[in-house]
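Just so you know, residue 1 is the first one in the sequence shown, and it goes up from there. All figures in this text were calculated on a predicted structure; none of them were measured in a lab.
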Amino acid sequence: MWLTCFRLSLAVLTFFVVFAVWALWRRWQKVRPLYFLVAGVFTAGCILQYPIWQATFAGVRQGVFKAVLVAVQNTFQFFTADADFTSFSLGVAAPEPGLQEWYILLGTVLLVLAPVLTFGFLLTFFKGAYARLRMLFHLPANMYVFSELNARSIALAEDIRQRERWSFLVFTNAPRDEEHLDDDLLHRLQLLRAAVYREDISLIWLRSTWGKHKSYLFTMCDREAESISETLQLIQKYRRRRNTLIYLFSHNIDSELMLNNVDKGRLIVRRINPTVSLVNHILTTEGTMLFDNAVPTQDGSRLISVLVLGMGQLGAEMIRALAWYGQMDGYTIQIHGFDTDAGAADRLRARCPELLDERYNGRYQEGEPYYRIQLHQADVRGAAFREQVKALGTVTHAIVALGDDSLNAAMAVELRVLFEQMHIHPRIATVISESERLVALRDAKDRGGRSYDLHFIGDINTVYSHEVIINAALQEEALALHKRYNNDDPYGFFEFEYNYCSSMASVIHYAARQHCGIPGAGKREEELTDTERRIIEVLEHKRWNAYMRAEGYIYSGSPDKASRNDMGRMHHNLVVFDELSEEDKRKDSRVGTL
């Protein structure tokens, strides 16, 4: 009996341990290795203890049944660390030579292993309590809290961790069972060493950060309605707290209206449109290439010619942004947008009617921005599209944003082939959202080993990064510009999205003016000569006109300031430069300088 139970107990323990290790190595989601080990140790313990109690109840009525029950009860004590080693060792009475020592050794292993598994199980079961302990005792550092555990929040958290090693990361609304997490996400989460809550972000209480450290709360749920609801609850909960910033991820205009009108107290609350943030990032880091690659024209200027393939969210945003970013003395810009959807062009016209109005689009007027935007409906895989592209003649940049990584990659390659046949070599940027696909395509070459020279934008690790979402350096410059424009008053910069976005656009364009060597760029306002002041003011006003029209504004119909109507997106200063008041002209030079 003793030898049989020893062998059976050892076999059961070995099987469960080997199977748990195999399941962990294979990342088999159907098996929880910890639970499997608990079951194996418990079964082995019951078998190992049975002979002890079978001898105790020998000759007693229903002795076998009683021996089994007591063995089970004592094995439970293994897991609660209540088992007495001395009682166990004294109860072992194996008659085989040497078996008693091996029996006691196996029992000792189970006595040590069982409480360890109990502790691990409790940490998993009471994950919320463990997270609260970490929240209570974490070291002074910036705290970043995410409203949902998904690929976007993980990507942002990873980038933050690389920049701030000691930052404290918190994920909320995590799945109640880790099996519902993708293996890759689970592995990346473990590497982040973050606190994880199952509750919604609005239901947990976040400890205040210490000193100058800040708390960043990101409401980035898969459903925008949930993000908006949670943001409102967070504002109510923390409105009196300093050094706390809330970032609401939303494309919807109603979220902007909500944030503009809610009392935010001491909080800084920003709406993040990931598409707008990405476009600003592209213009900040790569925008000057537009001017570097421009081609000379017969009139002495340089032509920027951009082909935008796909007029969805990103494509339409790029067309609107390029209209104001391309305003530069000595340069002209033309933009051709293509989409298979006949309604894409109409939606863009409805969104910014004056930008595409024939009174301004493609028409030169002194003191007004000049650009030519042409929108086309075409089957981008068809022969007619190829002929339309050939008819453009010069293309200096191409952006492919058709909404599908595979189609984007295929069309980028087809465009490179077509441009080679046209004997031109524009820069081609294509959207690839999957980082793995991006890495695989980065070094694409033809049969002769010649690179396709494709550039990739929009991958999730870039879009959801500290530099794109928070962008502290650019934000500080934009705030300083807003204060110069507003007589050193910071009010309105964070309170109203219009002010924030307008100032960011101006700072982005300011860097391009310096790059292009515009006279007066890089000087302080008081250092400008009269000629430089005139150049800076006219250029800034042309950029501002194009920006406002890209935002959907139209002329109010009167130069009177009282005619301005932000609800109707009507502005009294959407006129040629010479019609501005002297006060407004000076504002252009304050904004257009250091």
Side-chain angles (χ1 to χ4, degrees), residues 280-281 283-292 294 300-302 304 321-333 365-371 471-494 496 498-548 550 559 561 571-594:
N280 285 344
H281 174 71
L283 295 180
T284 301
T285 57
E286 305 176 12
T288 54
M289 294 182 184
L290 287 167
F291 306 102
D292 294 341
S301 66
R302 295 177 65 84
I304 301 169
L322 289 172
W324 59 262
Y325 187 78
Q327 299 306 309
M328 196 69 64
D329 292 345
Y331 295 84
T332 58
I333 184 167
Q365 298 181 68
E366 188 70 31
E368 278 277 19
Y370 177 77
Y371 52 84
N471 206 343
L474 186 65
Q475 181 175 280
E476 285 301 314
E477 291 183 47
L479 176 58
L481 181 145
H482 173 81
K483 291 167 67 176
R484 288 200 304 273
Y485 182 85
N486 223 30
N487 298 316
D488 209 36
D489 184 359
Y491 178 75
F493 180 72
F494 288 112
F496 300 101
Y498 164 86
N499 294 335
Y500 183 94
C501 294
S502 179
S503 298
M504 293 283 278
S506 187
V507 168
I508 292 170
H509 193 265
Y510 172 78
R513 289 200 294 268
Q514 286 187 294
H515 179 83
C516 294
I518 299 300
K523 288 186 176 182
R524 298 185 180 278
E525 183 193 7
E526 60 270 18
E527 298 172 346
L528 296 174
T529 66
D530 290 342
T531 300
E532 290 170 341
R533 182 181 298 278
R534 171 78 180 186
I535 291 172
I536 292 294
E537 289 177 348
V538 172
L539 178 55
E540 171 58 23
H541 183 66
K542 290 194 294 186
R543 181 211 66 83
W544 181 84
N545 273 10
Y547 173 81
M548 293 295 284
K561 187 175 182 178
H571 206 288
H572 61 288
N573 278 343
L574 274 171
V575 294
V576 298
F577 176 79
D578 288 336
E579 294 181 15
L580 292 174
S581 67
E582 290 303 312
E583 178 186 0
D584 286 325
K585 290 177 181 178
R586 294 297 84 78
K587 288 181 178 179
D588 282 326
S589 59
R590 288 207 302 272
V591 169
T593 52
L594 287 172

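Nearest heavy-atom pair, Ser503 versus His482, reported as atom, atom and distance to 0.1 Å: OG-CB, 3.7 Å. Nearest heavy atom pair, residue Gln475 against residue Met504, reads CA-SD, 4.0 Å. Between Glu525 and Arg590, the shortest heavy-atom distance links the atoms OE1-CG, 3.1 Å. In plain terms, the two heavy atoms of Pro519 and Glu532 that are nearest each other are C-CG, 4.1 Å. Between Ala546 and Ala323 the shortest heavy-atom distance is CB-O, 3.8 Å. For the pair Asn486 and Tyr491, the tightest heavy-atom approach, listed with the atom from each and the gap, is ND2-O, 3.5 Å.
Counting heavy atoms from C-beta outward, Leu474 and Ile508 have side chains that approach closer than 4.5 Å. A heavy-atom distance below 4.5 Å is found between the side chains of Arg586 and Glu537. Between Glu366 and Val576, the closest side-chain pair of non-hydrogen atoms is not below 4.5 Å. Contact of the Asn471 side chain with the His281 side chain is not registered, since no non-hydrogen atoms from C-beta on lie closer than 4.5 Å. Using a 4.5 Å heavy-atom cutoff, the side chains of Cys501 and Tyr547 are in contact.
Applying the side-chain contact (heavy atoms from CB on, under 4.5 Å) test between His541 and each of Leu574, Leu580, Asp584 identifies Leu580 as the sole match. Here the rule is salt bridge (charged side-chain N to carboxylate O under 4.0 Å, His left out) with Asp329, and of Lys542, Arg302, Arg534 only Lys542 fits it.
Here OH of Tyr370 is found 10.5 Å from CD of Gln327. Values are rounded to the nearest 0.5 Å. The distance from the CD atom of Glu286 to the CG atom of Asp292 is 12.0 Å, given to the nearest 0.5 Å. The structure places CG of Leu283 at 6.5 Å from CG of Leu322, a figure rounded to the nearest 0.5 Å. Within the model, atoms CD1 of Ile535 and CG of Leu539 stand 9.0 Å from one another, a figure rounded to the nearest 0.5 Å. Interatomic distance, Thr332 OG1 to Tyr371 OH, rounded to the nearest 0.5 Å: 14.0 Å. Between Trp544 atom CH2 and Lys587 atom NZ the span is 10.0 Å, to the nearest 0.5 Å.
Between Tyr325 and Phe291, the ring centre distance stays below 6.0 Å.
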* Asked: Yes or no on side-chain contact (heavy atoms from CB on, under 4.5 Å) for Leu290 and Ile333, after CA distance, side-chain angles and deciding distance?
  -> CA-CA 9 Å; Leu290 287 167; Ile333 184 167; 5.5 Å; no

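The number of heavy-atom neighbours closer than 6.0 Å to CG of Asp489, taken from other residues, nucleotides and ligands shown, is above 12. Environment of CD in Glu526: crowded, with over 12 heavy atoms of neighbouring residues, nucleotides or ligands closer than 6.0 Å. Around the OH atom of Tyr485, the shell of radius 6.0 Å holds no more than 12 heavy atoms that belong to other residues, nucleotides or ligands.
For the residue pair Glu540 / Tyr510, no side-chain donor-acceptor distance below 3.5 Å is found, with atom types taken as modelled.
Within the 3.5 Å criterion, the main-chain N or O of Ala505 finds no donor-acceptor partner in the side chain of Asn280.
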